[in-house]
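Structure first, commentary second.
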Amino acid sequence: MRTAGRVNREIFDGLKTFIKPGITTMDIDDYVAETVKRHGMIAAEKGYGGFPGHVCTSVNEEVVHGIPSRDRVLNEGDIVSVDLVVEYEHYMADSCRTFGVGTISDKAQHLIDTAEKSFFEGIKFAKEGYRLFDISHRIQEVVEGEGYGVIRDYTGHGIGSEMHEDPAIPNYGKAGKGPRLQRGMTLAIEPMIVEGSYETDTLLNDWTVVTQDGGWAAHYENTVFITDGEPDILTI
């Protein structure tokens, strides 16, 4: 998982300069597919449940599961979340970043920054002995403290030899609840936050999740290994 996570990190480092106005979301998919193949690994989202892309590319009001397309051109000021799962020797590493396209507004940047901040605040409780919802509660506190909403319909998850394993990890909840964290757990912790209401719809393609009110969304995720000390982030 750590080896796969290094490829996640390499891809996101490259996308910082690759993503610019005028490219399509399929260009991102091609970039990821080529990089993963060069490392002899697998982009595990391809074909998962019938998903057609190597990554999810979710633009602006799209929260998760955006399908890469040659017709979806990124414009100056857009934001795009790229959700990537790399598989190596039957084990997975899952992460997501939201990128600005060209010059973005201060409002959009603050949304992106808050998603990232909430992750790092949340994982202060990602240690042996804490409860799972201690992470969830802190993420919610940070996000709502900045005036944003926390998505309810989709959560983080355990991860290992399967992409989605127990436990589900909401980005909201009461501290002190949920299973107790133990050394050796590997968790995909992923705040998904929105400008307005957390209510969502799924488009007719049966994949892409959008906000009902059209508010923009940001998504930040890493795969985290639980220890008896500080959490070990495998995708940074």
Side-chain angles (χ1 to χ4, degrees), residues 8 12 15 19 24-26 28-29 32 43-75 77-85 92 94-101 104 107-108 111-112 114-116 118-119 122 136 139-140 143-144 146-159 162-173 187-223:
N8 287 50
F12 286 138
L15 287 178
I19 291 176
T24 70
T25 53
M26 185 59 79
I28 297 173
D29 192 84
V32 170
E45 284 170 319
K46 179 70 171 178
Y48 181 80
F51 187 76
H54 294 85
V55 289
C56 298
T57 52
S58 305
V59 182
N60 298 340
E61 76 281 359
E62 296 172 354
V63 181
V64 287
H65 306 158
I67 298 174
S69 170
R70 300 262 179 235
D71 297 325
R72 188 64 186 267
V73 178
L74 297 177
N75 297 309
D78 285 341
I79 62 175
V80 56
S81 299
V82 181
D83 194 348
L84 167 66
V85 182
M92 314 276 182
D94 188 358
S95 57
C96 183
R97 301 288 185 272
T98 301
F99 297 91
V101 181
I104 64 173
K107 179 182 178 183
L111 179 71
I112 293 171
T114 300
E116 180 175 352
S118 71
F119 168 85
S136 307
I139 289 172
Q140 182 180 12
V143 173
E144 293 182 349
E146 295 292 341
Y148 299 120
V150 176
I151 291 295
R152 263 54 170 182
D153 294 335
Y154 301 89
T155 70
H157 49 91
I159 185 170
E162 300 290 338
M163 189 185 305
H164 295 105
E165 299 181 352
D166 290 334
I169 309 168
N171 294 303
Y172 65 96
L187 306 175
I189 299 170
E190 49 179 321
M192 291 162 271
I193 75 172
V194 290
E195 289 181 318
S197 170
Y198 56 73
E199 298 291 342
T200 63
D201 288 320
T202 302
L203 299 184
L204 293 177
N205 62 28
D206 291 328
W207 281 105
T208 307
V209 176
V210 299
T211 58
Q212 286 186 1
D213 62 8
W216 284 15
H219 185 182
Y220 187 90
E221 176 183 21
N222 284 300
T223 298

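Any value given below was found using the heavy atoms of this structure, including those in side chains, with hydrogens, waters and symmetry copies removed. The structure displayed is predicted, hence computed values, not measured ones.
Across Val209 and Tyr154, no two heavy atoms sit closer than the pair CG2-OH, 3.2 Å. Of all the heavy atoms in Ile169 and Thr155, the pair that sits closest is O-CB, 3.4 Å. Between Ala217 and Ser81 the shortest heavy-atom distance is O-OG, 4.4 Å. Between Thr208 and His65, the shortest heavy-atom contact is OG1-O, 3.4 Å. Closest approach of Leu187 and Pro167 over heavy atoms only: CD2-CD, 4.0 Å.
Asp213 contributes a side-chain N or O that, together with a main-chain N or O of Ser197, makes up a donor-acceptor pair within less than 3.5 Å. The closest donor-acceptor contact from the side chain of Arg97 to the backbone of Asp83 lies at 3.5 Å or more, if one exists at all. No side-chain donor-acceptor contact under 3.5 Å links Asp94 to the backbone of Asn222. Gln140 contributes a side-chain N or O that, together with a main-chain N or O of Gly173, makes up a donor-acceptor pair within less than 3.5 Å. For Ser136 (side chain) and Pro170 (main-chain N/O), a donor-acceptor pair under 3.5 Å exists by modelled atom type. Between the His157 side chain and the Ala188 main chain, no donor and acceptor come within less than 3.5 Å of each other. Arg152 contributes a side-chain N or O that, together with a main-chain N or O of Val150, makes up a donor-acceptor pair within less than 3.5 Å. Side-chain atoms of Asp29 come within 3.5 Å of backbone N or O of Val55 as a donor-acceptor pair.
Note that CD1 of Ile79 and CD1 of Ile112 are 5.0 Å apart. Values are rounded to the nearest 0.5 Å. Atom-to-atom distance recorded for Glu190:CD and Ile151:CD1 is 11.5 Å, nearest 0.5 angstrom. The structure places CD1 of Ile28 at 11.5 Å from CG of Leu84, a figure rounded to the nearest 0.5 Å. Annotation: the span from Leu74 atom CG to Ile19 atom CD1 amounts to 7.0 Å, rounded to 0.5 Å. Within the model, atoms CE of Met163 and CD of Glu45 stand 5.5 Å from one another, a figure rounded to the nearest 0.5 Å. Taken to the nearest 0.5 Å, the CG atom of Leu111 stands 7.5 Å off from the OG1 atom of Thr98.
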**Request:** Applying side-chain contact (heavy atoms from CB on, under 4.5 Å), run through Thr57 and Arg72 and close with a yes or a no.
**Result:** CA-CA 10 Å; Thr57 52; Arg72 188 64 186 267; over 6 Å; no
**Request:** For the pair Thr200 and Asp153, evaluate side-chain hydrogen bond (donor to acceptor under 3.5 Å, both in side chains) and give the outcome as yes or no after the intermediate values.
**Result:** CA-CA 8 Å; Thr200 63; Asp153 294 335; 2.8 Å; yes
**Prompt:** Do Val63 and Thr211 pass the side-chain contact (heavy atoms from CB on, under 4.5 Å) test, and can you show the C-alpha distance, the side-chain angles, and the key distance before you say yes or no?
**Reply:** CA-CA 7 Å; Val63 181; Thr211 58; 3.8 Å; yes
**Prompt:** Run the side-chain contact (heavy atoms from CB on, under 4.5 Å) check on Val59 and Val101 step by step: do they pass?
**Reply:** CA-CA 10 Å; Val59 182; Val101 181; over 6 Å; no
**Criterion ring-ring contact (aromatic ring centres under 6.0 Å, His included) on Tyr48 and His164, from CA distance to verdict** = CA-CA 11 Å; Tyr48 181 80; His164 295 105; 5.5 Å; yes
**Request:** Go through the steps for Thr24 and Asp71 under the test side-chain contact (heavy atoms from CB on, under 4.5 Å), then give the verdict.
**Result:** CA-CA 7 Å; Thr24 70; Asp71 297 325; over 6 Å; no
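Residues Asn8 and Ser95 have side chains that bring a donor and an acceptor to within less than 3.5 angstrom of each other.
Using the six-membered ring where Trp is involved, Trp207 and Phe51 have ring planes that are perpendicular, over 60° apart on the 30 and 60° scheme.
By the 6.0 Å contact criterion, CD on Glu162 is open, its count of non-hydrogen atoms from other residues, nucleotides or ligands being 12 or less.
The shortest side-chain heavy-atom distance between Val143 and Tyr172 does not fall under the 4.5 Å cut-off. Contact of the Val210 side chain with the Glu62 side chain is registered, since non-hydrogen atoms from C-beta on lie closer than 4.5 Å.
Scanning for ring-ring contact (aromatic ring centres under 6.0 Å, His included) contacts around Phe119 gives Tyr220, with sequence neighbours left out.
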